[in-house]
Amino acid sequence: MGLFDKKSEDNNQMDRFEDIVTDVQNMYSVEKDKKFLEYLTYLKYNPGNSIIRPIDLLCDTLEAILQNKANFGLNNHMNIMRKAEEVYKNMFLYEEKTPGYDLIRIIYLEMFSENGVLARNLFNSELYNTFKYKMNYLELMKSLLQDVKAQMIIYDLVQYGLKVRSYYIEEDMYTANMKYVASRMLIAGDRQAVAAEESLKVERMAGVYNIDETAIATTEKQLTEANILLKQSLEILEQADRKTEQISRIMQDTTKTITDISKRETDVISAKALSAKSDINAAYNSFLEEQKQEVILQKDVLVDQIFKESETKLNELRHMARAITATATSELSRINSETSSAIDKINNYVNNDDIEKIISKAEENEELLNKIRRLELLNDKNITVLEKNLGGEPQDEGGNTQGVSTAAVSMQPMNVSYGYTSTATVMEQEPAVIPEINPLLDTSVPFEQRYKLVMDEKKRREEAGEHFHKMFDDVVIALMEDANPYMIGPSGCGKTFMVKQIASILNMDFIDIGYINEEYDILGFQTATGGYSTPNFYRCYKYGRIAFCDELDNGNSRATVKLNSFLSNNRDASYNFPNGENVKRHNNFRIIAAGNTAGNGADANYNTREKIEESVQQRFTPIYVGYDNYVEEKILGDYKDWYNFIVLFRNATDAWGASNDCSAAGILTTRDACKIKRYLDNKSFDAGKILDYEFIQTKDMEYLAFLVSHMKGEVQSHPEVAGIFSMFEEKVNELRERGGRR
């Protein structure tokens, strides 16, 4: 660009500036800011005296202020202009020659946006100068703009940043830490306490510890004592190794000797047995040959004699065989006796008190040596760190200066959804990375703060018309505290719906894994083709979801015991699944169970339930969740007569159960209350049909007669239900006249 081109461009910018001044004059024809207008008029004739340079940047600044006049206020433009000039001085130290001018210009103009840094009065030059890459500063500021309390924390945040900046080499780590600390300050009651806690963490991660000379002297003394003890232990260990080697050689030689003796004796006995067998066969063949000759000479006369002599010979052979067997048995007994004697001698030698003491001492010394080695390693490491810290910057083992990183945990705003995945539904694609811990379950955040967020969300939903069971707070506390709640209550009282609400309000997914029939319902199994059938429980454990064990008391108690491996609540726990993967327990993982009984076995209403094994019961927190009249009152808010009739009906069933010392059958559930409301809203079933299907059918005549009798005594106090009760009583009487035939 030539000189004339530059002059032409300057003229164009001046024309642009004059147009802006004219617009301001027109704008303030009614509402006047005289100082601002006078200032612009002055610059119009003296552009060289403008603090903001060059003229095009001044024009951009004025246009940004005018475009956001609703943000800054019509009568506040001069104050904003002064702030802009102050920010300009801090950002453009060398005006147009400032390094990175184009990028800084973008950041500068971004501050004039609606609800931007200047509008919120958040700019701080000291904090700005701690960032080498100025976009990181803008990113930090943007993270604060949405919170109304941002201006309250800016001073403490600046002081914290100035204190810890020197510990960070990588600016991205510094930016992430500043965003994290800012998020904590926004919700904390004591911001200075947060700053002190986090700065202490950064110093310790950088290897900075406050250790006095007394501690160093104590450490050196302990190290000297440890080295002496190590030397003594090594000497004892060497002696033990020599003794052990001698014992090993003696045992090997003795074993070889016994083996050789046994083999020789066995060979001798085998040879004698073979020889005896050969003699028996030869004698037997000779005898047969003699008998053949005798038979030929005297076939008939000698038949009896042959039998007698044959029997005699056979008896002799039997005696000979018995004698050989006795001899062989005697020889074997002698060998066994000698072998046992040799083994006893070896055992006596091995079990000698001195040798036992040596071996025991060697084992103790080995354990002690391992402890000393760990202590020596720890002491060496600490002293090395001390030396390096006294010298200045932290270094790695190679002597290279290292930066310190820290994980930034973002407290995301709670985003509640009602979606959940059941066992009957095909699972969505597994996440590519393990999700971070849910802020509402993060134990590093005080429980009171997390619980308040949950209760605020619950209150908001109640104001919007959502209903919550009276036991909701207890169950959600047990789940947040990882206490494995077990909801005990009759069918239809709202247990499953409560789990959906808890998952939604905690912004978590939950999977209903149903009752547990076999171990593979929890662990999965290897398929015939060598693959692995992944259970939903595995996904909950690995990716941090709520595993809902519905009807826990209806499962196989032997398979349910497998839950013990996952109920310990150890945050560092892991489990080896059948596919060979060692899965670390996600911090978000929670187990919540439900059942109709307390886990002690079947009763009159739930006769298929099994007793839950005691070790499993002890790991759950039992919470009784019955029917909640308040919830049903909200459900039937437009039908007060039906709600009060349900209350009287349920009181009567409770009285029947108390008088018969058992649970009443056919109790009206919260689920039934929802159906009744639907029938009434849609005008699908009339009152008579509703009474038949929801209150009368499946109940025997004696039971119904008791209910009518008990309710009649309470109807007088609730005249609004008289019409419904009269119809109910009439239907029961008609049924009684028909002999119970429906």
Side-chain angles (χ1 to χ4, degrees), residues 467 469-471 488-495 497 596-598 603-607 624-742:
H467 311 316
H469 196 282
K470 62 184 178 182
M471 299 306 296
I488 305 168
S491 176
C493 67
K495 298 187 294 295
F497 184 76
N596 301 126
T597 69
D603 58 24
N605 290 337
Y606 306 99
N607 52 21
Y624 285 85
V625 180
Y627 299 112
D628 190 355
N629 289 339
Y630 172 76
V631 172
E632 292 163 4
E633 183 180 11
K634 292 294 184 181
I635 294 172
L636 295 168
D638 297 330
Y639 307 98
K640 298 295 185 182
D641 51 348
W642 279 100
Y643 164 71
N644 289 320
F645 180 79
I646 289 174
V647 173
L648 297 183
F649 182 88
R650 187 172 290 155
N651 291 341
T653 59
D654 292 341
W656 188 92
S659 63
N660 291 273
D661 197 24
C662 67
S663 299
I667 300 175
L668 196 83
T669 69
T670 305
R671 187 187 303 118
D672 297 332
C674 293
K675 289 194 294 183
I676 292 172
K677 181 182 186 303
R678 189 164 60 251
Y679 298 151
L680 295 171
D681 288 343
N682 297 333
K683 297 181 175 57
S684 52
F685 283 154
D686 58 19
K689 293 290 186 182
I690 293 174
L691 289 171
D692 282 337
Y693 297 147
E694 302 299 334
F695 297 88
I696 295 177
Q697 292 192 13
T698 73
K699 299 174 180 63
D700 60 46
M701 198 64 246
E702 180 183 358
Y703 185 28
L704 288 171
F706 178 92
L707 297 179
V708 170
S709 176
H710 188 278
M711 293 174 68
K712 185 177 293 186
E714 297 186 2
V715 168
Q716 296 178 356
S717 303
H718 299 81
E720 69 276 5
V721 304
I724 301 175
F725 174 76
S726 178
M727 187 182 302
F728 175 70
E729 183 181 20
E730 182 180 350
K731 284 182 171 290
V732 172
N733 290 335
E734 289 177 359
L735 186 61
R736 183 184 299 173
E737 291 174 0
R738 295 197 301 267
R741 297 188 301 275
R742 291 174 168 80

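This is a predicted model, so every value here is computed, not measured.
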With a 4.5 Å cut-off on side-chain heavy atoms, are [Y] and [X] touching?
| X | Y | result |
| --- | --- | --- |
| Val708 | Phe725 | yes |
| Met701 | Val732 | yes |
| Thr670 | Phe497 | no |

Would you give the length of the straight line joining atom [atom1] of [X] to atom [atom2] of [Y], rounded to the nearest 0.5 angstrom?
| X | Y | atom1 | atom2 | result |
| --- | --- | --- | --- | --- |
| Phe728 | Asp692 | CZ | CG | 10.0 Å |
| Ile646 | Glu694 | CD1 | CD | 9.0 Å |
| Ile635 | Ile676 | CD1 | CD1 | 10.0 Å |
| Met727 | Glu730 | CE | CD | 8.0 Å |
| Lys677 | Asp638 | NZ | CG | 6.5 Å |
| Ile488 | Cys493 | CD1 | SG | 11.0 Å |

Looking at [Y], is its backbone amide N or carbonyl O close enough to the side chain of [X] to form a donor-acceptor pair, meaning the two atoms are under 3.5 Å apart?
| X | Y | answer |
| --- | --- | --- |
| His718 | Asp641 | no |
| Lys495 | Pro490 | yes |
| Asp654 | Asn651 | no |

Considering all heavy atoms of both residues, which atom of [X] and which atom of [Y] are nearest to each other, and what is their separation?
| X | Y | value |
| --- | --- | --- |
| Ser491 | Tyr627 | O-OH, 3.0 Å |
| Glu714 | His710 | OE2-CE1, 3.3 Å |
| Phe649 | Lys699 | CZ-CE, 3.8 Å |

Subject >> Lys/Arg-Asp/Glu bridge criterion (N-O < 4.0 Å) met for Lys689, Asp686 >> reply: no
Subject >> Carboxylate-amine/guanidinium contact Lys712 Glu729, below 4.0 Å >> reply: yes
Subject >> Aromatic contact, Phe645 with Phe695 (centres under 6.0 Å) >> reply: yes
